[in-house]
Visitor: 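Next up is a structure, given as structure tokens.
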Amino acid sequence: MMPALPGTGGARRGVPGWRDDRGAALLAVLFMVVLLGLAASLAGQSLGALMQREREAELLWRGLQYRQAIARYYQGKKMYPTKLEDLVRDPRFPGVVRHLRRLYNDPMTGQEWELVKDPAQKLIGVRSTSDLTPFQQAGFPTGLEDLEGKSSYREWEFVFVPVKKTGGSAPAAAPGSGRSSSGSSFEAPSPHAKPPGSTP
């Protein structure tokens with residue numbers, strides 16, 4: 001039987017501890033794969049949370065645009081719109097009268113809003129259809145304090161209801177109404193950074 005030549009498998013098998021070294025290297029590779037998987041998972045979760053926060057801020061901004069547009073529509077003839085399209089072109093006037101530049105989708109779902117209507121089936125507001133839990137739980141703009149502590153975006157209602165004046169002063173909005181106490185003149189600050197003077 002010929003002896004194994006240097007550098008061949010036969011010689012390598014004869015080196016003490018070679019199998020141990022190969023096993024240790026394999027364990028190190030597996031450990032690195034696990035670490036990379038965990039890092040990728042955490043990075044994915046962080047990215048998802050960041051994207052949700054961005055959509056949440058956009059939801060607040062768009063919701064306020066709708067609420068203010070409905071308020072402007074109501075101010076003229078004390079009537080609510082029938083549909084969202086009425087805010088883009090008011091059908092009560094012969095010319096083009098806009099209370100909103102264009103229609104916006106629900107940023108949380110990318111789909112249409114769920115409409116909030118009064119008993120006469122007139123449009124008084126919008127809300128998201130997302131069941132995700134909001135990050136923001138406090139510190140909302142004036143008139144939207146009732147959004148605090150909600151468990152889903154579906155509970156965020158952007159509704160305009162004018163406050164009827166009794167006596168000489170306007171009463172505060174009813175608890176749980178999510179309405180402004182300033183009546184139809186409500187103009188809430190935008191939580192979303194937009195250039196001053198820009199049109200919705």
Visitor: Tell me whether Lys117 forms a cation-pi arrangement with Tyr80, defined as NZ or CZ under 6.0 Å from the six-membered ring centre and within 45 degrees of its axis.
Guide: no

Visitor: Should Glu58 and Arg62 be marked as a salt bridge (Lys or Arg N to Asp or Glu O under 4.0 Å) after you check the CA-CA gap, both sets of side-chain angles, and the distance that decides it?
Guide: CA-CA 6 Å; Glu58 187 69 16; Arg62 293 184 183 185; 2.9 Å; yes

Visitor: Measure the shortest side-chain to side-chain distance between Ser152 and Leu132 over non-hydrogen atoms and say whether it is less than 4.5 angstrom.
Guide: no

Visitor: Is there a side chain to side chain contact (heavy atoms under 4.5 Å, CB included) between Thr82 and Lys122? Walk through the geometry before answering.
Guide: CA-CA 5 Å; Thr82 303; Lys122 296 295 184 179; 3.4 Å; yes

Visitor: Can you pull out every salt bridge (charged side-chain N to carboxylate O under 4.0 Å, His left out) where at least one residue sits in residues 128-137? Sequence neighbours excluded, please.
Guide: Asp131-Arg154

Visitor: Are Ser128 and Trp156 side-chain neighbours, meaning at least one heavy-atom pair lies under 4.5 Å?
Guide: no

Visitor: Does Arg89 CZ have over 12 foreign heavy atoms under 6.0 Å away?
Guide: no

Visitor: Where is the tightest heavy-atom contact between Leu64 and Pro141, given as atom of each residue plus distance?
Guide: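 Taking Leu64 first and Pro141 second, the nearest heavy atoms are CD1-CG, 4.1 Å.
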
Visitor: Could you pull out all residues at least two apart from Thr129 that satisfy side-chain hydrogen bond (donor to acceptor under 3.5 Å, both in side chains)?
Guide: none

Visitor: Taking the side chain from Gln136 and the backbone from Gly139, do they hold a donor-acceptor pair closer than 3.5 Å?
Guide: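 Such a contact is found between Gln136 side chain and Gly139 backbone.
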
Visitor: Restricting to ring-ring contact (aromatic ring centres under 6.0 Å, His included), what partner residues turn up for Tyr66, sequence neighbours left out?
Guide: Trp113

Visitor: Under the 3.5 angstrom rule, does the side chain of Arg101 hit a backbone N or O of Val88 as a donor-acceptor pair?
Guide: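 Pair absent, no side-chain N/O of Arg101 close to backbone of Val88.
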
Visitor: Going by side-chain hydrogen bond (donor to acceptor under 3.5 Å, both in side chains), name the residues that satisfy it together with Ser130, two or more places apart in sequence or in a different chain.
Guide: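 Residues passing side-chain hydrogen bond (donor to acceptor under 3.5 Å, both in side chains) with Ser130: none at all.
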
Visitor: For Glu112 versus Asp106, what's the shortest heavy-atom pair and its separation?
Guide: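 Of all heavy-atom pairs spanning Glu112 and Asp106, the closest is O-CB, 4.2 Å.
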
Visitor: Test of understanding: with side-chain hydrogen bond (donor to acceptor under 3.5 Å, both in side chains), list the residues that count as partners of Asp86, not counting sequence neighbours.
Guide: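 Partners of Asp86 under the side-chain hydrogen bond (donor to acceptor under 3.5 Å, both in side chains) test: Lys83.
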
Visitor: Could you tell me if the ring centre of Phe158 sits under 6.0 Å from that of Trp61?
Guide: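 No.
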
Visitor: Before giving the answer on side chain to side chain contact (heavy atoms under 4.5 Å, CB included), spell out for Tyr153 and Glu56 the whole-Å C-alpha distance, their side-chain angles and the decisive distance to 0.1 Å.
Guide: CA-CA 9 Å; Tyr153 294 113; Glu56 180 179 291; 2.5 Å; yes

Visitor: State whether Phe135 and Arg53 meet the cation-pi test: NZ (Lys) or CZ (Arg) under 6.0 Å from the six-membered ring centroid, and within 45° of the perpendicular axis.
Guide: yes

Visitor: Could you work out, with side-chain hydrogen bond (donor to acceptor under 3.5 Å, both in side chains) as the rule, every residue matching Arg127, not counting sequence neighbours?
Guide: Glu114, Glu157

Visitor: For Phe140 and Gln137, which heavy atoms make the closest approach, and how far apart are they?
Guide: CE1-C, 3.7 Å

Visitor: Report the C-alpha separation of Leu84 and Val126 in whole Å, then their side-chain angles, then the decisive distance to 0.1 Å, and conclude whether the side chain to side chain contact (heavy atoms under 4.5 Å, CB included) test is met.
Guide: CA-CA 9 Å; Leu84 292 178; Val126 296; 3.9 Å; yes

Visitor: Donor-acceptor pair, distance only, cut-off 3.5 Å: does the side chain of Glu155 make one with the backbone of Ser151?
Guide: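 Indeed, once roles are kept as given, a pair shorter than 3.5 Å links the two residues.
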
Visitor: Test of understanding: clusters of I, L, V, M, F, W, Y form through side-chain heavy atoms closer than 4.5 Å, transitively. Do Leu115 and Leu59 belong to the same one?
Guide: yes

Visitor: Under a 4.5 Å side-chain heavy-atom rule over Ile, Leu, Val, Met, Phe, Trp and Tyr, are Val97 and Leu123 clustered together?
Guide: no

Visitor: With clusters defined by side-chain heavy atoms of hydrophobic residues (ILVMFWY) lying less than 4.5 Å apart, directly or transitively, does Met79 cluster with Val116?
Guide: no

Visitor: Classify the angle between the aromatic ring planes of His99 and Tyr73 as parallel (below 30°), tilted (30 to 60°) or perpendicular (above 60°).
Guide: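 Judged by the thresholds at 30° and 60°, the geometry between His99 and Tyr73 is perpendicular.
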
Visitor: With a 4.5 Å cut-off on side-chain heavy atoms, are Leu100 and Gln65 touching?
Guide: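 With C-beta onward as the side chain, the pair touches.
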
